[in-house]
Amino acid sequence: MQNTFTSKESFKNAFTLKTSNLFNKEVNQTTVYERYVVLATLLNETLNENYNKTNQYVKENHLKKTIYFSMEFLMGRLITSNLMNAGYASVVKEAFDDFGFNLNEVELAETDAGLGNGGLGRLAACFLDSAASLGLPFYGNSIRYQKGFFVQKIENNKQVEYPDPWLDKEFIWEEKREDESIDIPYFGELNGIQLVNPTWVKAVPYNVKVVGANNNVVTHLRLWSTEPSKKQLVQDEKYLKMVSKISESLYPDDSTDEGKILRLQQQYLFSSAGIQDAIREHKALGRDLKDLPKYYTFQINDTHPTLIIPELMRILIDEEYMGYDEAWSIVTQVAAYTNHTILAEALEKWNIELFKRLLPRIYQIVEEMDRRFRLFLKGKNLSQDKINHMALIGSHDVRMAHICIYGSFSVNGVAALHTNILKEIELNDFYQIYPEKFNNKTNGVTHRRWLMHINPELVNILDKTVKGNWRKDLSAIKELENFKDDESIQKEIKNMKLAKKRQLIDVIYKDTGVKLDENAIFDIQIKRLHEYKRQSLNIFHVIYLYLRLKKDANFRKTFHPQNFIFGAKAAPSYVMAKYIIEIINRTAQIINNDPETKDLLKVVFVQNYNVTYAEYLFPAADLSEQISTASKEASGTGNMKFMLNGAITIGTMDGANVEIVDYAGIENEIIFGLSAEEVTQAYKANSYNPRKIFDNDKRIQDVFEFIKSLDKDEHYFDFVFNNLLNVDYFFVLADFDAYVEAQSRANKLYQDEKTWWRMSIMNIANAGFFSSDRTIKQYNEEIWHLDTIKL
Ligand code: 26V
C-alpha cells in the first residue's frame, strides 16, 4: 500500500506539501512547533485508512466490544507511540535527518494530554495501547476535559497550582463527531416514572485514534464534551455556564454542594452518553437488545462510572419497555467492575438528597435495586445489621461500590495482595455472597512506551542478549537472566544507567537549577503525594542521613553519594500533603547548599511530575521507592516501570511489590517494614502508640527538631507533628527504624558492583509478567472473551 510514510522520499514530499498548505512556508523556515503540527497531521491522516478498515472489520465480523469507562485517561504525548506503533519512526527519522531537524525535539513540542491524575488514569492509557496491539475491539470512554490536571509549580517551597489549558492548542489526534451527539437530561421532576422538565445538555463525542503495534489496527478513545442542547428552550447565562463547566476540568473542587453536583454531573455525562452510544449502535446493526451481552462488556474503572448500571436499567425499562427482571439480567451480564483502592475515603458515596435532585429517575431505579437487594440478602438469612451495612443506600448516602458489586458479573482487584484483601477483609461480606464474581488481574504497563520509547540504550542490550521476540511478547526478556553474571553485560547495563542519568541531570538542571552528581545513587520516589505512600518516611530518612553525615566522619567515608529525587502532585485541598511538599523543598534548600555534605547528598523535588517527566525519570533510577504502608497501595504501576528499566525496589510487601519479589527473587530487592497482616492486626487491636516510638528514638527526635528549625516559627509544622505523634495512621514512625536499616543495606549493596548489577539484570529479566499485554490477555480470557481483529 502506497502512503505518505512508505519511503523517505514520499514522506519528504508530503511533508513539504503539507508545510506549504498549512503554513505557506518552506520546510526550513518552520518553527519546531510547526514541524510537529505537520508531522502529526500527516500521521493522523494516514491512520484514517486503517481506522476505517478496523471499524469495518469489527462491524462485518460482528465482533464483541469492550467499552472501558474511565474518568481518567492519562495519555501523555501521543506522537512518539503513534509513530512507533504504526511502524513509521525510522522513515521519519531519516527524512528529518535530511531536513536537518531533530525528531526528538519535534516530538517534545506536543503537549501532554493530562486527562488523569495518577495510576488509575495511566493504567487506562496502557490498556488502550495493549488492547489495540493485541488486536482487540476495546474502546475507551471518558470526558474531553477542557483543562487537564493542574500544572504544578514550586514557589517559595510550596506547591502552587496553575490551570492546564491544553486544548488552547489544537489536539491533532481527535476528530469531532457532531452527528453522533447525545442529549443528556439533568434535574427535573418525576411524574410517576416520567422525568418532566429536565435541563438538557448536549454530549458531543470526539474520537482519539489509538494505534496498535505493527498490526494495522486502529481503535479509539471516545471523549465527550458538553455543549448547549437544542432541546433546551431557555438558554440563559446560568445555563450556558453550567454546560461549559461540566466538561471543563478533572476533579473540580467538591468542598461545596455545587462542586459535588458538578462531579456527579460529569459521572452521569460519560456514563449515560457511553451507554446510549452503544445501544444506538447495537440497534442500528439490527440486533436484539436481549443480545447486548453477546456484543458488549462495559468495564467500570473504579466507581466513577457506576451510573452505567442504573442508566442501562432506565433505558431498558423506560425506553425499551422491558420488565425489571429481564433488564436486570442483561445489566448483570454486561457490567464488570475493577476496584483500585481500599482506602475508605475513596469509596465513593453520594448524599441522597443531592443525588435525587440531579438524577430523579436514576435515584428511583437505585431505590428499587436497593429494595430488591435487601430482600435478596434477607433470603440469605443475614442479620438486619449486616443488610444495612451492605445495602446500596444507607446512612443518607448512595454507595457506589455496592451498586457495582451487585450489578456486575465480575469484580476484580489489581494485584494479588489487593484482591485477597478485598475478599478477606474489605469486601468480605460481598465475597461470602458472590464468591464467583471475585477475581484478580494484576496490573501491567506497556513496554512499548515504558521501555522501547524511553530507553533505546537498554533496547540495544536486549537485542544483543535476547533471541526471543521480546517486543511482541515481553516474557521473552527472561533470557537476559543468562547474562546476570556476565561482567561485560553488567558493564553495559551500568553504562546504560549512566547515559540515562546524564539525560535526566540536564532536564532537572533546567527545571530546578540543581545539578545532580552522575556518580551518585539515583533514589527516586515519583507518584501522587499521599500520606499512605509515605514520602514523609523518605524525607525523614534523608534528614537523619544528613545529620549523621555531618557529625560522623567515619560514616562519611563508607557512604556512597546518593541523590534523592521526588516528584508528586498533592490534591489542592490536601493540607497534610502540602506540608510534606514544603518540608521536602525546605530540606532540599539546606542540604544542597551545605558545603560539608554537598558532594554526598542532593535532594530535588521536580516540578509538575507528569507522563513526559516520568519518561526521563524511570530509566535513570537505581532505587525505586515503593514504601507505602503495607495493605494500602492497591498495586502500583510505577514500581513495574522502574523494574523494567533495571532499578531495584526498596519497598514494603505491599501491592504489586509482592509479585515483583516473587518474580525477581527477594534477594534482588530491598524489602523492609510491617506486613499487611501486621498493619491490619494493629488497627484491630488498636495497639499502636507512635508517641512511645518517638520517645525511645533519638534519631526521630532529631529529625523533628530539624524540621522545626526550618521555620522561624517553631510551631509552623505542628499540624504534621501532632498527626504523627498522636495518630500516625500510616505507621510512619513504626517503620522508620526498618527503613533506615534498608537504606543502609542499599547504600552498601550499590558499592558491591557485581552484586548490584546482577540484581539490576534480575529485575529487568523478570519484568515480563508486568507487561499490560499480559494483563489485557487475562481480562480478555477471563472476563471479556473478545475475538481478535485480523487485518
Ligand atoms: C482519585 C481521586 C483523585 C482526586 C479526587 C477524587 C478522587 C477519587 C478517586 C480516585 C481514585 C483513585 C484510585 C487510584 O488511582 N488508584 C490507583 O490505581 C492504580 C491502578 O490500578 C494502582 O496501581 C494504585 O495502587 C492505586 O492507588
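Owing to the predicted nature of the structure, the values given are computational and were not obtained by experimental measurement. Atoms within a ligand are numbered from 1 in the order they appear, just like the ligands themselves.
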Holding to salt bridge (charged side-chain N to carboxylate O under 4.0 Å, His left out), I want the full list of residues that pass it with D164, two or more places apart in sequence or in another chain.
none
Between R448 and D129, is the closest basic N to carboxylate O distance under 4.0 Å?
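Between R448 and D129 there is a salt bridge, with a charged N closer than 4.0 Å to a carboxylate O.
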Counting only non-hydrogen atoms and a 4.0 Å cut-off, the residues near ligand 1 are N117, G119, L120, L123, Y251, R263, H304, H340, V414, N443, Y532, E633, A634, S635, G636, T637
For E258, enumerate each residue passing the side chain to side chain contact (heavy atoms under 4.5 Å, CB included) test, keeping only those at least two apart in sequence or located in another chain.
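Counting only residues at least two positions away or on another chain, E258 forms a side chain to side chain contact (heavy atoms under 4.5 Å, CB included) with T256.
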E155: partners by side chain to side chain contact (heavy atoms under 4.5 Å, CB included), with sequence neighbours left out
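K153, V160, Y162.
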Taking the ring of H304 and the ring of F69, is the distance between their centroids below 6.0 Å?
no
Indicate, with yes or no, if the rings of F564 and F566 have centres closer together than 6.0 Å.
no
